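Keep in mind it's a predicted model, so treat the numbers as computed, not measured. This chain uses plain numbering: 1 for the first residue, then up along the sequence.
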Amino acid sequence: MKPNPYAPTATTPEAEGYFGDFASRAAGTFLYRVIEVEHPFEMTLIYNGWWFRQRVQVNGEIVWSKISWLTIEPAIEFTLPDTVAGEETPCDAAR
């Protein structure tokens, strides 16, 4: 039997962009997620894929959107807004 690839492990390497231990899903339904991130900065990410329009909001600011008539975009890349990072953590280092 193969191990669960989505199971958290204590041996997860310190990789840039991996914040799974500091994020939690606050709400979620079909094509809708609210994710709260606590480290390296605090932010609320909202993904909404309803009514043929996919949107990603970070702290209320739309950072990515796409009209999806036929297919849902499986991979999304976006740049964090400058308002996310505080003085201690520059936003460029967190991208």
Honestly curious: do Val34 and Trp51 fall in one hydrophobic cluster under the side-chain, below-4.5 Å linking rule?
-> yes

Identify whether Ile46 and Phe30 are in the same connected component of the hydrophobic contact network (ILVMFWY, side-chain heavy atoms under 4.5 Å).
-> yes

Can you name the nearest heavy-atom pair linking Ile62 to Ser65, along with the distance?
-> CG2-CB, 4.4 Å

Could you tell me the separation between the [atom1] atom of [X] and the [atom2] atom of [Y], rounded to the nearest 0.5 Å?
{"X": "Tyr47", "Y": "Leu31", "atom1": "OH", "atom2": "CG", "answer": "5.0 Å"}
{"X": "Phe52", "Y": "Lys66", "atom1": "CZ", "atom2": "NZ", "answer": "14.0 Å"}
{"X": "Phe78", "Y": "Gln57", "atom1": "CZ", "atom2": "CD", "answer": "11.5 Å"}
{"X": "Ile35", "Y": "Met43", "atom1": "CD1", "atom2": "CE", "answer": "8.0 Å"}

Any side-chain heavy atom of [X] within less than 4.5 Å of one from [Y]?
{"X": "Phe41", "Y": "Leu80", "result": "yes"}
{"X": "Asn59", "Y": "Val84", "result": "yes"}
{"X": "Gln54", "Y": "Ile72", "result": "yes"}
{"X": "Glu73", "Y": "Trp64", "result": "yes"}

Start with the C-alpha gap between Ile76 and Val56, add the side-chain angles, then the distance that decides, and say whether side-chain contact (heavy atoms from CB on, under 4.5 Å) holds.
-> CA-CA 9 Å; Ile76 297 171; Val56 175; 4.2 Å; yes

Evaluate the criterion side-chain contact (heavy atoms from CB on, under 4.5 Å) for residue pair Val37 and Leu45; output intermediate values, then yes/no.
-> CA-CA 8 Å; Val37 179; Leu45 183 140; 5.5 Å; no

Mark yes or no for whether Arg33, through its side chain, and Thr29, through its backbone, hold a donor-acceptor pair below 3.5 Å.
-> yes

